[in-house]
2 protein chains.
Amino acid sequence: MGDQIVAVKAKRGQRSKESIREDNELIILAAAEKVFAKHGLKGSTTKQIADVAKLPKSNIHYYFHTKLNLYRRVLESIFVEWMKAAEPFNTYDEPKEAIRFYVGAKMDLSRTRPFGSKVWANEIISGAPEMEEILSSRLKKWVDTCVSSINTWVELKKINSMGDAHTFLYMIWATTQHYADFDYQLIILNNGKKLTDSEFEEKKQQVIGLVLRSVGIEP
Amino acid sequence: MGDQIVAVKAKRGQRSKESIREDNELIILAAAEKVFAKHGLKGSTTKQIADVAKLPKSNIHYYFHTKLNLYRRVLESIFVEWMKAAEPFNTYDEPKEAIRFYVGAKMDLSRTRPFGSKVWANEIISGAPEMEEILSSRLKKWVDTCVSSINTWVELKKINSMGDAHTFLYMIWATTQHYADFDYQLIILNNGKKLTDSEFEEKKQQVIGLVLRSVGIEP
DNA sequence: ATTTAACCTGACCAAGTGGTCAAATATTTT
DNA sequence: AAAATATTTGACCACTTGGTCAGGTTAAAT
């Protein structure tokens, strides 16, 4: 990611105002996501973000005005991507396929965008002060449709009942996001080695297997 | 918890030096756990901790010297309690019982000590800078014995294989800790209502059921 | 070519920050 | 009761914080 920033900055010289703004906002958002992931809203400083973005601090304030504003933009962008990953649940009729693709997509996101997941986790842990609205309106809505899908599957005897469908959904969230939020712990317990891409792919299949079996589907 | 602090402070007047130290350390540790849970190490201030503990800031420094020192003490105390909850895995021979009791104990901890779980989560998310040693020595050791228990069960065909036993263990951690770390999100998605004790007990049984089924045990 | 509008940034500031310290008070020991 | 030790706390300090702003540079519109 650092290389990306350098690359974009290097080809300066003759850029349109529009692309300048676009580029810099992306650079700053990426840097902010990284820093917020590590230290949360309160623990992160605009100076740190500026340093990661390789821009002067004033520049961050020029584009996003306040730290809180920048933070909200980061959260919003993460939420949008998560919702995109959540589509499988409503596009597949068969639980086996729906669950397989949803869990797979969530695992992929944990792998490709771990910082976003961590920012989200930090925000919830600290009481979700900036996300209450997103959660209680947009996320709630999605969860409701999801829960009714699951309930339908239970009624059709396609999967075992787990009592409250939320419990199953939360297990999926927790298990998949664990691979992003707790990645440092996983590395330490893996003797200091990060999983390779193929090892991660294997893990992904194992997770899918456990989740499917938990509702009685043989993977 | 606030009431506890008040109660302890109220009965002052004639206390031994020893009990003064003991009491105040407990009060400060409890306050620190609460504040660190919400804002992490960097985002928390000694003033906040002092306010929650209802003591002057200097007093916090008198007992624990530095913020980092206090933070380490909080982490250590959480780790000790988690290891206690982890015993079932090595005291029961049958996977059904071992898993049932372990998952139950972890769920109970999420209910009774959510702040501790959040401090832990924050620490890992921010790269585990203060816990690397605990993780790579003491936790690693426990995980290794756990993994070999699981593998034995697989060999004896008492449970289904999930490939790598770690995957199963991490699912248990993630799912149970989710009920502490993401409690705000769960409340919002539950229409703003916290789970009652009996509702939580029900959730606990559902989680146990899912986990058992995920390795092919009928609960 | 000149005006206009957007971008850039070093210098600056008021409000915290973790931590120190000396003086006051309380308990324990002699 | 007096000396020794431990607790308490307001005042203080060097440093960092988020944010402002004036004066500059660069690109776009006239």
Side-chain angles (χ1 to χ4, degrees), chain A residues 5-6 8-29 31-32 34-36 38-75 122 126 129-130, chain B residues 5-6 8-29 31-32 35-36 38-75 126 129-130:
Chain A
I5 291 171
V6 172
V8 171
K9 289 193 68 173
K11 66 163 180 168
R12 273 213 189 134
Q14 214 65 357
R15 292 187 302 159
S16 72
K17 293 276 180 191
E18 207 177 345
S19 83
I20 289 176
R21 172 149 226 127
E22 222 168 292
D23 290 352
N24 280 346
E25 286 192 354
L26 285 178
I27 289 170
I28 294 168
L29 281 170
K34 207 168 181 172
V35 175
F36 284 137
K38 199 150 198 157
H39 301 296
L41 172 60
K42 285 203 62 185
S44 301
T45 72
T46 51
K47 175 80 162 55
Q48 283 177 311
I49 295 169
D51 287 347
V52 172
K54 295 183 179 170
L55 289 169
K57 179 163 72 91
S58 323
N59 216 320
I60 272 75
H61 283 100
Y62 174 69
Y63 281 106
F64 292 92
H65 205 60
T66 64
K67 181 169 84 160
L68 182 57
N69 203 41
L70 173 55
Y71 180 68
R72 288 197 181 121
R73 287 281 301 273
V74 171
L75 280 180
N122 257 321
S126 63
E130 303 302 328
Chain B
I5 292 169
V6 172
V8 171
K9 288 193 70 174
K11 68 162 177 164
R12 276 215 186 132
Q14 213 66 355
R15 293 187 302 159
S16 73
K17 293 276 181 190
E18 206 176 344
S19 83
I20 288 177
R21 173 148 226 127
E22 223 167 290
D23 291 352
N24 281 346
E25 286 192 353
L26 285 178
I27 288 170
I28 294 167
L29 281 169
V35 174
F36 284 137
K38 200 150 197 157
H39 301 294
L41 172 60
K42 284 203 63 184
S44 302
T45 72
T46 52
K47 175 79 162 55
Q48 283 178 310
I49 296 168
D51 287 347
V52 172
K54 295 184 179 172
L55 288 170
K57 180 164 71 91
S58 325
N59 216 319
I60 272 73
H61 282 100
Y62 173 69
Y63 281 106
F64 292 91
H65 204 59
T66 65
K67 182 169 84 160
L68 182 58
N69 204 41
L70 173 54
Y71 180 70
R72 289 199 181 119
R73 288 281 301 273
V74 171
L75 280 181
S126 63
E130 302 302 328

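Note: hydrogens, waters and symmetry copies are ignored here, and every other heavy atom, side chains too, is used.
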Measure the distance from CG on A/L70 to P on D/dG18 and round it to the nearest whole Å. 11 Å

Under 4.0 Å between a side-chain N or O of A/Y62 and OP1 or OP2 of D/dG19? no

Could you walk me through whether A/L41 and A/N122 pass the side chain to side chain contact (heavy atoms under 4.5 Å, CB included) test, one step at a time? CA-CA 8 Å; A/L41 172 60; A/N122 257 321; over 6 Å; no

Send over the distance from A/F64 CZ to C/dC8 C1', rounded to a whole Å. 16 Å

Is the distance from OP1 or OP2 of C/dC7 to the nearest side-chain N or O of A/R21 less than 4.0 Å? yes

The single option from A/K54, A/Q48, A/K47 passing side chain to side chain donor-acceptor pair (under 3.5 Å) against A/D51: A/K47

Euclidean distance, atom CG of residue B/D23 to atom P of D/dT7 [Å, nearest integer]: 12 Å

Whole-Å distance separating the CG atom of B/L55 from the P atom of D/dT8: 8 Å

Taking the side chain as everything from C-beta on, heavy atoms only, tell me whether A/K34 gets closer than 4.5 Å to A/K38. no

Give a yes or no answer on whether the side chain of B/S44 reaches the backbone of B/V35 with a donor-acceptor pair at less than 3.5 Å. yes

Please determine which of B/R73, B/R72, B/K67 meets the salt bridge (Lys or Arg N to Asp or Glu O under 4.0 Å) test together with B/E130. B/R72

Roughly how many Å is it from CD1 in B/I20 to P in C/dT27, rounded to a whole number? 6 Å

Please tell me if A/N59 has a side-chain N or O lying less than 4.0 Å from either OP1 or OP2 of C/dG10. no

For residues A/F64 and A/L29, determine if any side-chain heavy atom of one lies less than 4.5 Å from a side-chain heavy atom of the other. yes

Would you mind building the protein contact string for nucleotides 16-22 of chain C? One character per nucleotide, 5' to 3', B for base within reach (heavy atoms under 4.0 Å), S for sugar-phosphate only, - for untouched. -SBBB--

